[in-house]
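Per chain, numbering begins at 1; letters A, B, ... match sequence-line order.
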There are 2 protein chains.
Amino acid sequence: MTEPIPAPPWQTPKKPPPRQPLSQDLIVQVALRILDAEGLDALSMRRLAQELETGPASLYAHVANKDELLDLVYDTVLSEVEIPVPDPDRWPEQVKEYLRSLRTVFRSHRDLARVSISRIPLGPNGVVGMERTMALMRAGGLPDDIAAYAGDLLASFVTTETLDDAFPAGGTDPATPRAYAAQIRSYLTSLPVDRFPNLVHMAGPITSLDSERRFELGMEIIVRGLSTYARPAGQDSSAGSG
Amino acid sequence: MTEPIPAPPWQTPKKPPPRQPLSQDLIVQVALRILDAEGLDALSMRRLAQELETGPASLYAHVANKDELLDLVYDTVLSEVEIPVPDPDRWPEQVKEYLRSLRTVFRSHRDLARVSISRIPLGPNGVVGMERTMALMRAGGLPDDIAAYAGDLLASFVTTETLDDAFPAGGTDPATPRAYAAQIRSYLTSLPVDRFPNLVHMAGPITSLDSERRFELGMEIIVRGLSTYARPAGQDSSAGSG
DNA sequence: ACCTGAACACCGTTCAAGT
DNA sequence: ACCTGAACACCGTTCAAGT
């Protein structure tokens, strides 16, 4: 009811932390923070605006729409991926190093795999990544068309394999996924053996691979498949005189 | 203002087409029709209710929530997938037949690939499909753990490869994807050669594979990789006496 | 040029009330 | 048991108006 007493002039008004002026960079940065902390479902234009202490409409001066924002977030994160400088002698191992780094980055930003789906990374970092990936693929002695496709196939593999274990990288609670796996296993085991002999037999193997081993196995399968396309060393067309 | 004149009793009231009573089956069926015709973004609970001439709340008597609805839709469609009865001599070819069928089904229901993402198909049709898939995988002489994982890997492959060409199967307009590819190619070609030698070199191969050839190539790569894990025939453990 | 409030046209889900 | 209207707590985006 009573009017609040105005602050005396000698009191430094506790200025609200001098809100940084809006910019595309800042918007992307805060969006990434929300993504990391709370995931894609929590990242709305309105929530983002709130975090930036402004209204949702203000964002559209710096970003065309939500889709473009996600493009920018995705590209930003791609700077963290480490891609080995090709050493043809270590090709299979280097491919795996690249994929492991990609996985680590995907796992360290919540829901990034979901963001990456059907997004072609053509931003500044994405393009640099693609250049290095192509360099690496070609070092395996793959024909150009196979090398080109291999880049896509491998990245898609990491995406799908990362989609499910959406918990943060430092995830210390293996209980939840394991409990879920156990639940599925017991369901499969409970099926009538005469109609589902293979499912009953395979209930164990189907549910017992953890995400780490799935990933390592998947990499190995694809790399072996790709290796069958490699030209024998010494016939590397890019090594000849130009 | 004036009261409408009541219809005379002798006039057969043009009964609104005797709306079928709500049921889970009907709801799933109509949901699939919306999906096919207009895609996942058009499939909202409200829109679905409207199509069924009822309110959104009514759906929740038959379906727990939207996620469960999508589970049901996905399972329904899985009945269309054809999985060969295993013939070990034709293993690689049969795996491909299965994958091609899966792709056809995914492509003939708009956005089904998106629906399938991070959904484990444990409904009645899904479980039958899984049983047959496991039978097929094992026929290749793969160790159980490899066979189990192979099922996932191959299905994920089809999903991602189907995600992008989201146009209907009968798609007669190859212009759009090709135009997009051409756009990317010209962008890649325009990059500075000294910093992006591999991208410039690979611009052609990267953008010239159509979805059909990508799919065939991807299958071949993975199947070759899997084949390296096959036990030699005659050592098939499941064939021995029990 | 940048920012804003208000509005438009939507969402999924719940809940008390009806039959 | 099934269905309903109304409400709750949200969405992305646009637009006229302000500075």
Separation of atom [atom1] in [X] from atom [atom2] in [N], rounded to whole Å:
X: R47(B); N: dG12(C); atom1: CZ; atom2: C1'; value: 16 Å
X: R46(A); N: dA6(C); atom1: CZ; atom2: P; value: 13 Å
X: Y60(B); N: dT13(C); atom1: OH; atom2: C1'; value: 5 Å
X: L59(B); N: dT4(D); atom1: CG; atom2: P; value: 10 Å
X: L40(A); N: dC11(D); atom1: CG; atom2: P; value: 12 Å
X: M45(B); N: dA9(D); atom1: CE; atom2: P; value: 20 Å
X: D25(A); N: dC2(C); atom1: CG; atom2: P; value: 14 Å
X: D41(B); N: dC11(D); atom1: CG; atom2: P; value: 17 Å

Looking at every non-hydrogen atom in both residues, tell me the closest pair between [X] and [Y] and how far apart they are.
X: M219(B); Y: F157(B); result: N-CZ, 3.5 Å
X: L78(A); Y: P121(A); result: CD1-CB, 3.4 Å
X: L122(B); Y: V127(B); result: O-CG2, 3.6 Å

### Comparing A61(A) and A57(A) on DNA chain C - which has the more 5′ nearest nucleotide
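Looking at DNA chain C, the more 5' nearest nucleotide goes with A61(A).
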
### Contact under 4.0 Å: S44(B) side-chain N or O vs dC11(C) OP1/OP2
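Yes, because at least one side-chain N or O of S44(B) sits under 4.0 Å from OP1 or OP2 of dC11(C).
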
### Query
Does H62(A) have a side-chain nitrogen or oxygen under 4.0 Å from the phosphate oxygens OP1 or OP2 of dC3(C)?
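So the side chain of H62(A) is within the cut-off, an N or O lying under 4.0 Å from OP1 or OP2 of dC3(C).
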
### Dot-bracket summary - DNA chain C, pairs being Watson-Crick or G-U whose distances fall under 3.5 Å, with | when paired to another strand
||.|||||...|||||.||

### Message
side-chain contact (heavy atoms from CB on, under 4.5 Å) for H109(B) and E80(B)? Distances and angles first, verdict last.
### Response
CA-CA 11 Å; H109(B) 297 281; E80(B) 303 170 20; 2.9 Å; yes

### Message
With side-chain contact (heavy atoms from CB on, under 4.5 Å) as the criterion, how do E82(B) and Y98(B) come out once you've worked through the C-alpha distance, each side chain's angles and the decisive distance to 0.1 Å?
### Response
CA-CA 6 Å; E82(B) 289 168 23; Y98(B) 156 57; over 6 Å; no

### Query
Taking atom C1' in both dA17(D) and dC2(C), what distance in whole Å separates the two?
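Looking at atom C1' only, dA17(D) and dC2(C) are 13 Å apart.
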
### Message
Give me the distance, rounded to whole Å, that separates dC3(D) from dC15(C) when you measure between the C1' atoms they each carry.
### Response
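Nearest-Å result for dC3(D) against dC15(C) at atom C1': 13 Å.
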
### Task
State plainly whether the residues R110(B) and E38(B) are in salt-bridge range, i.e. N to O under 4.0 Å.
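E38(B) and R110(B): not salt-bridged.
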
#### Entry: S211(A) and R103(A) side chains, donor-acceptor separation under 3.5 Å
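Side-chain D/A pair, R103(A) to S211(A): present.
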
### Message
Counting the atoms with a prime plus P, OP1 and OP2 as sugar-phosphate, which does S58(B) contact under 4.0 Å by heavy atoms, base, sugar-phosphate, or nothing?
### Response
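Base contact - S58(B) has a heavy atom under 4.0 Å of at least one base atom.
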
